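Input: a single structure, listed below in structure tokens.
Every value quoted in this text rests on a predicted model; they were computed, and no experiment measured them.
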Amino acid sequence: MTGYRSRDEGIVLKPFLPETFERQPANRVFFKGLKWQGREFNVDIGRTDTWVTLTKGEPAPVQTGDDPAVLVTLTKEALKIPTRQPERRDANGNASPCAAPQQSSIMHLQ
């Protein structure tokens, strides 16, 4: 859901919140203690916005969009980035809302 990828040059975050999670409406998901090169950070994913907070270590470069050349700096002050919205494409390439996930595709976090 965080879209987290660890790269040598920085952190990649492309957060996404599904419409439902474990058959319940999903409005918010919180990930605590993600790590990158000696740093720790939390990711709080909401329906429209995601907040990323550095909790340990020096500031870190973060890529939040599709262009790897565009980086923002994650510091102890919360970083607000947009949450990607669910969409799928029909046969003509037009965007339409995602279908609800099927039971077999639901991930269980422990």
*Where the side chain of Q63 meets the backbone of G65, is there a donor-acceptor pair that is under 3.5 Å apart?*
yes

*State, yes or no, whether a side-chain contact exists between K76 and T53 at a heavy-atom distance under 4.5 Å.*
no

*Which heavy-atom pair separates P15 from P82 by the least distance, and what is that distance?*
CG-O, 3.8 Å

_Partner residues of N27 under the side-chain hydrogen bond (donor to acceptor under 3.5 Å, both in side chains) criterion, sequence neighbours left out_ = none

*Considering only NZ, NE, NH1 and NH2 on the basic side and carboxylate oxygens on the acidic side, decide whether K14 and D67 come within less than 4.0 Å.*
no

_Single-linkage hydrophobic cluster, 4.5 Å side-chain cutoff, V29 and V52 together_ = yes

*Group every Ile, Leu, Val, Met, Phe, Trp and Tyr by side-chain heavy-atom contacts under 4.5 Å, then state whether V72 and I45 land in the same group.*
yes

*Would you kindly confirm whether F41 and F31 end up in one hydrophobic cluster when ILVMFWY residues are joined by side chain heavy atoms under 4.5 Å apart?*
yes

Determine all donor-acceptor pairs shorter than 3.5 Å in which one atom belongs to a side chain in residues 32-40; sequence neighbours excluded.
unit_1: K35; atom_1: NZ; unit_2: G33; atom_2: O; d: 3.4
unit_1: K35; atom_1: NZ; unit_2: E40; atom_2: OE2; d: 3.4
unit_1: W36; atom_1: NE1; unit_2: R7; atom_2: O; d: 2.9
unit_1: Q37; atom_1: NE2; unit_2: D8; atom_2: O; d: 3.4
unit_1: R39; atom_1: NE; unit_2: E58; atom_2: O; d: 2.9
unit_1: R39; atom_1: NE; unit_2: P59; atom_2: O; d: 3.3
unit_1: R39; atom_1: NH1; unit_2: Q37; atom_2: O; d: 3.1
unit_1: R39; atom_1: NH2; unit_2: P59; atom_2: O; d: 3.3

*Shared hydrophobic cluster, V12 / L74 (ILVMFWY, side-chain heavy atoms < 4.5 Å)*: no

*Which atom pair, heavy atoms only, marks the closest approach of R84 to D66?*
NH2-OD1, 3.2 Å

*For I11 and Y4, what are the C-alpha separation, side-chain angles and deciding distance, and is it a side chain to side chain contact (heavy atoms under 4.5 Å, CB included)?*
CA-CA 7 Å; I11 299 165; Y4 173 49; 3.5 Å; yes

*Would one find more than 12 heavy atoms of other residues, nucleotides or ligands at under 6.0 Å from atom NZ of K80?*
no

*Give the cluster check for M1 versus I81: same hydrophobic cluster or not, with ILVMFWY residues linked at side-chain heavy-atom distances below 4.5 Å.*
yes

*With sequence neighbours left out, write down each residue that passes side-chain hydrogen bond (donor to acceptor under 3.5 Å, both in side chains) with T64, or none if nothing qualifies.*
none

*Strictly by modelled atom types, are T83 and T50 linked by a side-chain donor-acceptor pair under 3.5 Å?*
yes

*Which heavy atom of A26 sits nearest a heavy atom of P18, and at what distance?*
CB-O, 3.2 Å

